[in-house]
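Whatever order the structure lists ligands and atoms in, that order sets their numbers, starting from 1. One-based numbering along the sequence shown.
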Amino acid sequence: MLGFLGVGHLSAALLAGLVRAGHAPERILLSPRGRAAELAARHGFGLARDNADLVKRARLVVLAVRPADAPGAVSGLPWQADQLVISACAGVPMAALEVGPARLMRIMPVTAAEVGASPTACFPDLEEAREVLEAFGPVVPLTSEAEFQLATVTSAVYGWVQDLVRQTADWSAAQGLDPAVARRLNALMFSAAGALVAGKPQPMDQMLHELVTPGGITERGLQVLAQGGVADQWRAACDAVLAKLEGAGTLRG
Ligand SMILES: NC(=O)c1ccc[n+]([C@@H]2O[C@H](COP(=O)([O-])OP(=O)(O)OC[C@H]3O[C@@H](n4cnc5c(N)ncnc54)[C@H](OP(=O)(O)O)[C@@H]3O)[C@@H](O)[C@H]2O)c1
C-alpha cells in the first residue's frame with residue numbers, strides 16, 4: 001500500500017500522475033485533511049482514519065505537508081523497519097524527521113507530475129521507490145543530501161519559467177496574436193529549449209554559439225537582457241532560494 005501523509009496541492013498532482021500511469025487507486029491510502037476526502041471520492045483512493053492508521057497500513061509513505069509541519073507530522077507514529085518515508089518537503093533535512101526504524105529518502109517533484117513530466121530529484125536513490133517516482137516523470141538521483149538541497153533550487157525555477165511563459169504569451173497576445181495560440185506556442189518553445197538541452201551532450205556554450213546568428217534576432221534580445229542585468233538577477237534569485245532552504249533546515253529547533 002502507498003500512503004500519502006498530507007494531501008494538498010503537491011499530493012493532488014502526484015496522485016493524478018499515479019492514476020495516469022495506471023497505479024490502482026485502491027492501493028493508495030490518504031491521510032485525512034486537505035483535499036483527501038474529495039480526491040478519495042473522485043478516484044477511489046482509500047482514506048485512513050488518522051495518521052497512525054495510515055502508517056500501520058502503508059509500506060511506502062509520501063510525506064507532503066508544509067515544511068514547518070513536517071517534523072511534528074511524522075513524530076510519534078508507529079513506524080516499522082520495513083517502511084520507507086519519501087519526503088517531498090522542501091528544505092527539511094532527513095535529520096529533522098523522526099521516523100524510528102523506517103528508512104527515509106527525499107524527493108523534489110513538481111506539479112508537472114500530473115502529466116508525467118516532473119523531473120524528480122531524489123536522494124538516496126532507492127529501487128523500491130522507483131516505480132512510484134517514474135509515474136511522476138524522469139528520476140534524477142543525487143549523490144548526497146547537500147547536493148539534493150542544491151537541486152531543490154531548480155524546483156523553484158520551474159515556477160519562474162511558467163511566469164516567463166505567461167509574460168511572453170501576454171506580450172504576444174497584446175501585439176495581436178490569438179491568446180490561445182500565444183500560450184501554446186510559448187509553452188512549447190520553452191519545452192523545446194529544455195528538451196534539446198536535456199537530449200544533447202554538447203557544451204551549452206557551443207550550442208548557444210551555433211544558435212545565435214551574429215546580428216540576428218536572438219542576439220538582439222540577449223543584448224537587451226544583458227543590459228537589464230537579467231543574468232545577475234536570476235543568479236540572485238537562485239541564491240535567495242538556497243538561503244531560504246538552508247533556513248528551513250534549522251526548523252527542527
Ligand atoms: N506545491 C508544490 O508544487 C510543491 C513542489 C515540491 C515540493 N513541495 C512540498 O510539498 C509540501 C506540501 O506542499 P503543498 O503546496 O502541497 O502544501 P499544501 O497545499 O498546504 O498541502 C499540505 C497539506 O498537508 C496537510 N497537513 C498538514 N499537517 C498535517 C498532518 N499532521 N496530518 C495530515 N495532513 C496534514 C494540510 O492540511 P490542512 O489544509 O488541514 O492544514 C494540507 O492539506 C511542502 O513541504 C512543499 O515544500 C510542494
Side-chain angles (χ1 to χ4, degrees), residues 2-18 28-42 45-58 61-79 85-94 96-99 104-123 129 132-133 135-140 142 145 148-163 165 240-252:
L2 171 64
F4 275 75
L5 205 173
V7 186
H9 291 100
L10 178 66
S11 287
L14 300 183
L15 288 160
L18 287 164
I28 296 174
L29 189 63
L30 310 182
S31 62
R33 290 173 62 165
R35 297 188 57 190
E38 165 216 334
L39 293 174
R42 191 186 318 154
F45 304 125
L47 204 48
R49 282 193 308 281
D50 52 30
N51 293 346
D53 180 43
L54 178 97
V55 168
K56 279 181 197 145
R57 293 161 62 193
V61 176
V62 175
L63 177 67
V65 298
R66 289 199 185 138
D69 294 331
V74 296
S75 92
L77 294 175
W79 299 107
V85 182
I86 304 171
S87 170
C89 303
V92 180
M94 291 196 273
L97 299 173
E98 290 172 5
V99 295
L104 260 170
M105 74 183 288
R106 293 178 66 182
I107 62 169
M108 195 43 56
V110 292
T111 51
E114 189 174 338
V115 292
S118 164
T120 301
C122 72
F123 175 78
V132 170
L133 302 191
F136 306 152
V139 180
V140 183
L142 281 309
E145 201 171 8
F148 177 87
Q149 184 93 310
L150 290 174
T152 300
V153 175
T154 305
S155 66
V157 175
Y158 166 74
W160 308 345
V161 169
Q162 287 195 32
D163 187 56
V165 172
V241 172
L242 184 59
K244 187 170 169 59
L245 286 168
E246 285 170 351
T250 62
L251 53 75
R252 192 181 190 184

Could you find the nearest protein heavy atom to atom 9 (C) of ligand 1 and give me its residue, atom name and distance? Ala88 O, 3.1 Å
If only atom types and distance count, is the side chain of Ser87 paired as donor or acceptor with the main-chain N or O of Arg106 below 3.5 Å? no
Which residue and atom name correspond to the protein heavy atom nearest atom 12 (C) of ligand 1, and how close is it? Ala64 O, 3.3 Å
May I have the step-by-step check of side-chain contact (heavy atoms from CB on, under 4.5 Å) for Ser11 and Arg35, ending in yes or no? CA-CA 9 Å; Ser11 287; Arg35 297 188 57 190; over 6 Å; no
Compute the shortest N/O to N/O distance between Arg66 and ligand 1 and return yes if it is under 3.5 Å, no if not. yes
From CA spacing to verdict: side-chain contact (heavy atoms from CB on, under 4.5 Å), Val110, Gln162: CA-CA 12 Å; Val110 292; Gln162 287 195 32; over 6 Å; no
Could you tell me the residue and atom name of the protein heavy atom closest to atom 16 (O) of ligand 1, and the distance to it rounded to 0.1 Å? Leu10 N, 2.8 Å
In this structure, does ligand 1 have an atom that sits under 4.0 Å from one of the heavy atoms of Ser155? no
Proximal ligand 1 atoms for Asn51, defined as those under 4.0 Å from one of its heavy atoms: 30 (C), 31 (N), 32 (N), 33 (C)
Pull out every atom of ligand 1 sitting under 4.0 Å from any heavy atom of Ala90, numbered as shown with elements. 45 (O), 47 (O)
At a 4.0 Å threshold, what atoms of ligand 1 neighbour a non-hydrogen atom of Gly34? 37 (O), 40 (O), 43 (O)
Looking at every heavy atom in both Met108 and Ala88, which two are closest together, and how far apart are they? CE-O, 3.4 Å
Leu18 and Leu2: CA distance, side-chain angles, deciding distance, side-chain contact (heavy atoms from CB on, under 4.5 Å) verdict: CA-CA 11 Å; Leu18 287 164; Leu2 171 64; 3.6 Å; yes
Please state which part of Ser31 comes within less than 4.0 Å of ligand 1, counting heavy atoms only: side chain, backbone, both or neither. side chain
What are the atoms of ligand 1, with element, lying closer than 4.0 Å to any heavy atom of Thr111? 3 (O)
Output yes when the distance from some N or O of ligand 1 to some N or O of Arg35 is under 3.5 Å, and no in every other case. no
Atom 21 (O) of ligand 1 - nearest protein heavy atom and its distance: Gly8 CA, 3.2 Å
When you measure from atom 19 (O) of ligand 1 to every protein heavy atom, which one gives the shortest distance, and what is it? His9 ND1, 2.8 Å
Pro67 heavy atoms, cut-off 4.0 Å: which ligand 1 atoms fall inside? 44 (C), 45 (O), 47 (O)
Tell me whether Val110 has any N or O atom under 3.5 angstrom from an N or O of ligand 1. no
May I ask you to identify the nearest protein heavy atom to atom 25 (C) of ligand 1, giving residue, atom name and distance to one decimal place in Å? Gly6 CA, 4.1 Å
Protein heavy-atom partner closest to atom 37 (O) of ligand 1 - residue, atom, separation in Å: Arg33 NE, 3.6 Å
Pro109: numbered ligand 1 atoms lying under 4.0 Å from its heavy atoms: 5 (C), 6 (C)
Side chains of Thr111 and Tyr158: do they bring a donor and an acceptor to under 3.5 Å? yes
So the atoms of ligand 1 within less than 4.0 Å of a heavy atom of Met108 turn out to be 6 (C), 7 (C)
Backbone or side-chain N or O of Val65 under 3.5 Å from ligand 1 N or O: yes
Go through ligand 1 atom by atom and flag the ones less than 4.0 Å from a non-hydrogen atom of Leu5. 32 (N), 33 (C)
